[in-house]
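Heads up, the thing below is written out as structure tokens.
Here is the naming used below: chain letters follow the sequence lines, and residue numbers restart at 1 for every chain.
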Number of protein chains: 4
Amino acid sequence: MRSAATAGRVREARKEQTRARILEAARRAFAARGFHATLMDHVAQQAGLSKGALYVHFPSKEELFLALLDDAAATLVDRITQAIAGAHGGRAKVAAALESALDTFEEHEDLTWVFLVESSGARGPVEQRRWELRAALTDLVRRYLDEAVASGDLPPQDTALAAAVWMGAVSEVVVGWLRQPSRPLRDVVPQLTSLLLRSVGFPDA
Amino acid sequence: MRSAATAGRVREARKEQTRARILEAARRAFAARGFHATLMDHVAQQAGLSKGALYVHFPSKEELFLALLDDAAATLVDRITQAIAGAHGGRAKVAAALESALDTFEEHEDLTWVFLVESSGARGPVEQRRWELRAALTDLVRRYLDEAVASGDLPPQDTALAAAVWMGAVSEVVVGWLRQPSRPLRDVVPQLTSLLLRSVGFPDA
Amino acid sequence: MRSAATAGRVREARKEQTRARILEAARRAFAARGFHATLMDHVAQQAGLSKGALYVHFPSKEELFLALLDDAAATLVDRITQAIAGAHGGRAKVAAALESALDTFEEHEDLTWVFLVESSGARGPVEQRRWELRAALTDLVRRYLDEAVASGDLPPQDTALAAAVWMGAVSEVVVGWLRQPSRPLRDVVPQLTSLLLRSVGFPDA
Amino acid sequence: MRSAATAGRVREARKEQTRARILEAARRAFAARGFHATLMDHVAQQAGLSKGALYVHFPSKEELFLALLDDAAATLVDRITQAIAGAHGGRAKVAAALESALDTFEEHEDLTWVFLVESSGARGPVEQRRWELRAALTDLVRRYLDEAVASGDLPPQDTALAAAVWMGAVSEVVVGWLRQPSRPLRDVVPQLTSLLLRSVGFPDA
DNA sequence: GATGAATGAGAATTCATTCAT
DNA sequence: GATGAATGAATTCTCATTCAT
């Protein structure tokens, strides 16, 4: 006979599993059809669960989408942070960041679509959160630029503006690729890196 | 006694007026609440017309939004094209283009919101069109960059990529300003211009 | 200078013409798409007039349809009455009636469709009228059967029932032909006549 | 503790019950007001359910009506087929068929109205189906007539035409009774039987 | 009389969410 | 926890009819 505590742990693990399954299904569903066109029915079907089960784990369609968004942002920030940590020197760090970002976008098309493109009407809490997460990412970039300025690798400048430019540039390129995948996204890394580095005044390689 | 032809012309003019009134109302409504949250009721009320009248002039909510989108794009392209024509020299043309774009965005907040932010679910024909219009604008930029490359003002490069970078950068900055208007958008023009020019290899002023 | 009376007569004639034009257009439109699926717009277009003009001549869509129905019934009754008047002898009269009815249906497919098939929801005033007209036609048949009984050509019987049977039989055959025109309707006249005559006890030819 | 399978079966049974309840409500509603004048609201109210529930069981108003139509036709065909099987001899079979048909019509006024009278605009899929079902019933009659001809009980003739005549005749009589119920429908059976038998050349009883 | 833009009361259908089992 | 039938408020689009010109 298992102890109550063990049973509780088992139950919790199973719950977590179901939650992950739903999230996974939601990712596919939302990426495939967009927020509005995706019905809770679609997510449920994709997850192999009933609609009711969705509501056991998430209080609403919106919250489900929000959780997805947070996931996407966290994944992205993790990857980029690690990439930067692994690189040495200002220029290398920037290049690593870009490369890891584009790699992540390329590997996780679904999340990318959700994070960069999908919308639920540009005014609701969902779009608000999406913008905040995007702003957080932009701020991450800004901090590295600030460091580079502090270390003298970069001339003093409006790093917030520069970070926004970088964010917008990357987003545009990625979305363009999502809409019309031609060559692998990786292949534009060198040129995009050059462009962005030049934009902030890094002397060319 | 007015002739039948005159009466016809008068009626036609009035019809055109109503159409414009609806478009105007739609602009406000969509900008305020987004595509999905905006009801035809809202547009009708905003226009001071009945819902039915909307359908006399536009076959569907979607077509109405599309008309709005086309309007926004046409306005923008016109303005930018004129600005560029009025400037002399590669660098000046670029600066003029940017300035006129940002000016237009600043003056027509509603249209800007509709054009750059608003979405109707990223998969439908609306988003498709929005992306096409955006691509057309990007292409306009690319052509000027090509000219600059041809004239030797700019080193040879992937101008399509550069144009996408510019488009994304401007969009990001404008959207950030829309979400949190701080200083006038115009004020960032010089720095944004520098950044973008540097990105393509224009020697700094 | 024309007298007022003349002018009045001219105007009246023109009005009558327009009314006929509308009726003609309505006949085609209703026969083609049915009562509900036919829009006043369709009738107007078919008539080459504006929707408003329709309402000058008919107070409502329903009244327009009713007028059509009355037309169809009147045409039919006229034709049949004349045909009967031109034939001599009980059996010949019946045969002439049937033949003229089927001829009329065949020649005026539109009116036939409107009269025998088209419906506007089986409960409204339109269906009521359609049934009354049909009942009137049935009654016409009954009167001739009564005559035949009175003259001893036919055994005494429930002529109202017999008339209903005839009406239903003819209607069914005609509608079947309308839905799937194969051989000319005329060709079934001899056999149908035999069947119906036999049904009331006429000795076969 | 009920097993999941048992619970499933229970739920399924309940679902079937609801479906039947809706069909029943629809029968009344459509018979009372006709297809177009009947709103889904009416059916829902009649069924004591929400409008949404209707759409859980039937995809559209049209499909609901179609299901009703199929029901009516199946009931009718069953009844007639059984009645014929239970009778012996050509004449008796015909009489039994007619009697059972009229009985069924009399007992199920609602379905009869729906099957013989109600229309949804004579052009749509609904009318198409109604005509097909009617044609199937006519064909059933034709087959028995063919048998009678084959067995020598009836002279050779166009049995398809005769079947149509019978169908139309019965329909007309029934509809007349529906519109103005006087004496019980059963009472006309003997005379109607005589008429129809005579029409195909059966010697009178 | 004719026109056709405008009206407005519908009507069908949708879908996130709930809850009895 | 899971199920899925039921809910019901929401929403787009329709179309007979009106009326200022």
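- Of the possible polar contacts, none joining the C:Arg27 side chain to the C:Val114 backbone as a donor-acceptor pair under 3.5 Å is found.
- For B:Phe30, the ring pair (Phe, Tyr, Trp, His ring centres under 6.0 Å) partners two or more places apart in sequence, or in a different chain, are B:Phe35, B:Phe65.
- Once rounded to the nearest 0.5 Å, the distance linking NE2 of D:His36 with CD of D:Glu118 reads 9.5 Å.
- The side-chain contact (heavy atoms from CB on, under 4.5 Å) test applied to B:Glu63 returns B:Pro59, B:Ser60, B:Leu66, not counting sequence neighbours.
- Between A:Lys15 and D:Lys15, the residue anchored nearer the 5' end of DNA chain F, judged by the nucleotide with its closest heavy atom, is A:Lys15.
- Of the residues in residues 52-64 of chain D, those placing a heavy atom less than 4.0 Å from an atom of DNA chain F are D:Gly52, D:Ala53, D:Val56, D:His57, in numerical order.
- Atom CZ of D:Arg14 and atom C1' of F:dA5 are 10 Å apart (whole Å).
- For C:Leu49, counting side-chain heavy atoms from C-beta on, the closest listed nucleotide (E:dT3, E:dA6, E:dA12) is E:dT3.
- Applying the side chain to side chain donor-acceptor pair (under 3.5 Å) criterion to D:Glu132, with sequence neighbours excluded, gives D:Gln128.
- The separation between B:His36 atom NE2 and E:dC15 atom C1' is 12 Å, rounded to whole Å.
- Remark: C:Asp71 pairs with C:Leu23 by the side-chain contact (heavy atoms from CB on, under 4.5 Å) rule, at least two apart or across chains.
- Listed pair D:Lys51 / E:dA12 fails the phosphate criterion, with no side-chain N or O lying under 4.0 Å from OP1 or OP2.
- Qualifying salt bridge (charged side-chain N to carboxylate O under 4.0 Å, His left out) partners for A:Arg28, counting only residues two or more places apart in sequence or in other chains: A:Glu24.
- Annotation: of the two residues near DNA chain E, D:Asp41 and A:Ala37, the 5′-most nearest-nucleotide partner is D:Asp41.
- By the side chain to side chain donor-acceptor pair (under 3.5 Å) test, A:Asp70 is found to be paired with A:Arg129, residues two or more places apart in sequence or in another chain being considered.
- Every residue meeting the side-chain contact (heavy atoms from CB on, under 4.5 Å) condition with B:Glu109, not counting sequence neighbours, appears here in chain and number order: B:Trp177, B:Leu178.
- Within residues 17-29 of chain D, no residue approaches DNA chain E, by heavy-atom distance under 4.0 Å.
- When the P atom of E:dA5 is taken as reference, atom CD of B:Glu12 falls 9 Å away, rounded to whole Å.
- The stretch residues 40-58 of chain C participates, sequence neighbours left out, in these salt bridge (charged side-chain N to carboxylate O under 4.0 Å, His left out) pairs: C:Asp41-C:Lys51.
- Listed nucleotides: F:dG4, E:dA12, E:dA16. Nearest to the side chain of A:Ser50: F:dG4.
- For the pair C:Thr38 and B:Met40, nearest-nucleotide mapping onto DNA chain F gives the more 5' position to B:Met40.
- For the pair C:Phe35 CZ and F:dC15 P, the computed distance is 13 Å after rounding to whole Å.
- Stem regions annotated for DNA chain F: E:2-21 with F:2-21, counting only runs of 3 or more consecutive pairs of Watson-Crick or G-U type with both contacts under 3.5 Å.
- For C:His57, the side-chain contact (heavy atoms from CB on, under 4.5 Å) partners two or more places apart in sequence, or in a different chain, are C:Lys15, C:Thr18, C:Arg19, C:Ile22.
- Remark: C1' of E:dA12 and CZ of D:Phe65 are 17 Å apart, rounded to the nearest angstrom.
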